[in-house]
Number of protein chains: 4
Amino acid sequence: MVKKEIIEQAALKLIVERGLYDAPISLIAKEAQVPVGSVYTYYESKEILVNEIYRNAKRDMSQHVFASVPPDLPIKEEMAIYWVRAVRYGVSNPNAFYFMEQLTNSPHISPLSQEQVRGEFVRVFQVLEKGIETGEIKPLNVDLLHQLVYTNIIGIVKYLLASKMELDPTLEVHLFNCCWDTIKC
Amino acid sequence: MVKKEIIEQAALKLIVERGLYDAPISLIAKEAQVPVGSVYTYYESKEILVNEIYRNAKRDMSQHVFASVPPDLPIKEEMAIYWVRAVRYGVSNPNAFYFMEQLTNSPHISPLSQEQVRGEFVRVFQVLEKGIETGEIKPLNVDLLHQLVYTNIIGIVKYLLASKMELDPTLEVHLFNCCWDTIKC
Amino acid sequence: MVKKEIIEQAALKLIVERGLYDAPISLIAKEAQVPVGSVYTYYESKEILVNEIYRNAKRDMSQHVFASVPPDLPIKEEMAIYWVRAVRYGVSNPNAFYFMEQLTNSPHISPLSQEQVRGEFVRVFQVLEKGIETGEIKPLNVDLLHQLVYTNIIGIVKYLLASKMELDPTLEVHLFNCCWDTIKC
Amino acid sequence: MVKKEIIEQAALKLIVERGLYDAPISLIAKEAQVPVGSVYTYYESKEILVNEIYRNAKRDMSQHVFASVPPDLPIKEEMAIYWVRAVRYGVSNPNAFYFMEQLTNSPHISPLSQEQVRGEFVRVFQVLEKGIETGEIKPLNVDLLHQLVYTNIIGIVKYLLASKMELDPTLEVHLFNCCWDTIKC
DNA sequence: CATGAATGAGGGTTCATTCAT
DNA sequence: AATGAATGAACCCTCATTCAT
């Protein structure tokens, strides 16, 4: 792992554990076992570091979630794949998950970052729109539908992490059905 | 409004707008138009101030949500009443809503505060359990069901606040049905 | 005991135990079980309170030490009486003793207080001068002789308080002889 | 002189002149002509700074006092050497001397510092014990004897500093004899 | 490029003192 | 006279950022 990634991992961990302002650069540097100055070699400021971690986490998650799927899948099945991947990603990467949760809508993430991140998730909007057209999904605003799906995922991941419950395929199906029931027609 | 409430409102507003650490006591005092020292007349520390605002917001919300309902209502209707009240509360009190969202699960809210707050929401758990018994609600863990309902409300309130959409009774019914579909058998 | 004395006793105790600046007026008032404002009814400021305690302690000690003695005593015996009274006073009033020790020569005692206090101890200077004339005491500067006697007393009281040793008449004689040997011709 | 020493000298001077709590770090930094933050580069806290100055002053004094002496000196002569060195040290380093005086037995010096400091002065205790064995010194507790000698030195240095009197060899002999008479058999 | 000591603005908090009651 | 909530200057300390090495 290169120095930049080590710094980001250390920052991610400490910011989640201690909060953004109780994770000073000096502590992040110590955790990453790099000199303080090195952090500033790679990132102009703490704000830029945080935004970069945020965007990277979002991009990493979207790459996992939206990795290739068989073509011409029924909408429900495509949604199920994305949903399962998202939940698994959250459960497997709790730090990254909580980091995103903690900073979404916070004033520390720039509008530009938010904008860039949104682009990574266009596929969901497309699928939702298609679902509305085919009559499988409720004809609500897609932003709202997306919000419903996304908060559902957040709630489930938080629950799974808090209860330390194992996520077996049967449970996955049950829980995805909760989500699908929310938006299905 | 007494001085204590003015301080809490000012703190609530600034913490939501700027984040906890970009809302220094000096700024809160200026916003509330009280001297810095006065904040410490009412609150021993910033941490205690934040916890008190959090608990008050949660209590206020729960009192709105769980105000009296007609007896012997069907479960779905009782849930609907609570759900509608919660969403309306969030839409009408965006600062309080975002404050709670921002600080839930944060290290700045003491376990004791979390504990006290949880007690205010027992009624949902009771209704959910009853729903499971009557076969109307999916036989999942009630903590999980609660999480699903709660994140659904959060998603909807966030969407309504972001889109500045009016919340008319028709929309309420549609949106509650999304929530109910999530958990209904 | 009147309110003023209660306040002074509380202040004396706390200042000795915690240091002048870790004994805030609010704490002194609490210890004395009087309202904060009452302290300012009797003393214009903390500084004035401290100076008054200092002068009172010194006056009280000098009144004990220089209470009447049989007339025409030999110098050594008169010194012995004063010495014993001083040591006993220190051992019996450790708080007052440490208070005086802590604040002598401190910038918190005004020159005026120092001046007034000095007047209470003229008798020692007279006896020392007489002793020099009769050839019983070393012909050194009386301020120096006084300093020698005084620091000797301080050393002994501190030792007795620290070691919690009882001060019986035999020990008193031995220890006074140490002091007398210091200045005798 | 390196920056650390400059800070210590500035702190020493201001604390003696104004008292510990009227010598804020900001003033110490100004006196030392360093930024406030630099003080914290060298000392974790004001308390640690004060303890370090205290230990350094005590160590410095003990190194002067207990520098090598000719072997096999008679006890009185060895005591005389230490006594003279101590008095000269006090007269030549009034700030350090008053600093130690002001903080000995204060709650601001940690027990650990006191402990470390005590070890620097073992030689006096050894000499006093030897003197008791040879019958030259009164058979009193060595802590008490030490206290008597030490307070004698303090009294004399204070007197010399206050009276601005020169300390010539003849006076030294006279004054040491006062001290010796106090403890000799 | 790499480093980490140095910097100083700004944070939370305290407390002597006041003054409306 | 008695009270104690209110006040704000001043305290100690932190930490993002810089820059000489």
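Below, all heavy atoms of this structure are taken into account, side chains as well, without hydrogens, waters or symmetry copies. Bear in mind that the values here come from a model prediction, so they are computed numbers and not experimental data. Chain identifiers are assigned alphabetically (A, B, ...) following the order of the sequence lines, protein sequences preceding nucleic acid strands; residue numbering begins at 1 within each chain.
- Residues D/Tyr89 and D/Ala96 come closest through the heavy atom pair OH-CB, 4.4 Å.
- Note that CE of D/Met61 and CG of D/Asn93 are 9.0 Å apart. Values are rounded to the nearest 0.5 Å.
- For A/Lys3 and E/dC1, the shortest distance from a side-chain N or O to OP1 or OP2 is not below 4.0 Å.
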**Request:** Using the side chain to side chain contact (heavy atoms under 4.5 Å, CB included) rule, take B/Asn105 and A/Lys158 through it: C-alpha gap first, then chi angles, then the decisive distance, then the call.
**Result:** CA-CA 10 Å; B/Asn105 300 326; A/Lys158 278 189 182 173; 3.5 Å; yes
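- For the residue pair D/Tyr21/C/His108, the side-chain donor-acceptor check at 3.5 Å is not satisfied.
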Distance-only donor-acceptor pairs under 3.5 Å for side chains of residues 24-42 of chain B, two or more places apart:
| residue | atom | partner | partner atom | Å |
| --- | --- | --- | --- | --- |
| B/Glu31 | OE2 | B/Lys13 | NZ | 3.2 |
| B/Thr41 | OG1 | B/Gly37 | O | 3.4 |

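- In terms of the ring-ring contact (aromatic ring centres under 6.0 Å, His included) criterion, B/Tyr98 has no residue partners (sequence neighbours excluded).
- Between D/Tyr21 and A/Ser26, the residue whose closest nucleotide on DNA chain F is further toward the 5' end is D/Tyr21.
- Chain B approaches DNA chain F within less than 4.0 angstrom (heavy atoms of the protein), and the contacting nucleotides run 5' to 3' from F/dA5 to F/dG8.
- In this structure, the separation between CG on A/Asn51 and CG on A/Leu112 is 8.5 Å, given to the nearest 0.5 Å.
- Atom pair C/Asp22:CG and E/dA16:C1' shows a separation of 15 Å (rounding to whole Å applied).
- DNA chain F lies under 4.0 Å from at least one heavy atom of each of the following residues of residues 30-52 of chain B: B/Pro35, B/Gly37, B/Ser38, B/Thr41, B/Tyr42.
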**Prompt:** What would the secondary structure line of DNA chain E be in dot-bracket form, counting Watson-Crick and G-U wobble pairs under 3.5 Å, with [ ] for pairs that cross earlier ones and | for pairs with another strand?
**Reply:** .||||||||||||||||||||
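- Shown here are the side chain to side chain contact (heavy atoms under 4.5 Å, CB included) partners of B/Glu8, two or more places apart in sequence or in another chain: B/Lys4, B/Tyr43, B/Leu49, B/Glu52, B/Ile53, B/Asn56.
- The line from CG of B/Asp60 to OG of B/Ser62 is 8.0 Å long, rounded to the nearest 0.5 Å.
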**Request:** Tell me, with the steps shown, if D/Arg118 and D/Gln114 meet side chain to side chain contact (heavy atoms under 4.5 Å, CB included).
**Result:** CA-CA 6 Å; D/Arg118 199 185 147 83; D/Gln114 297 284 16; over 6 Å; no
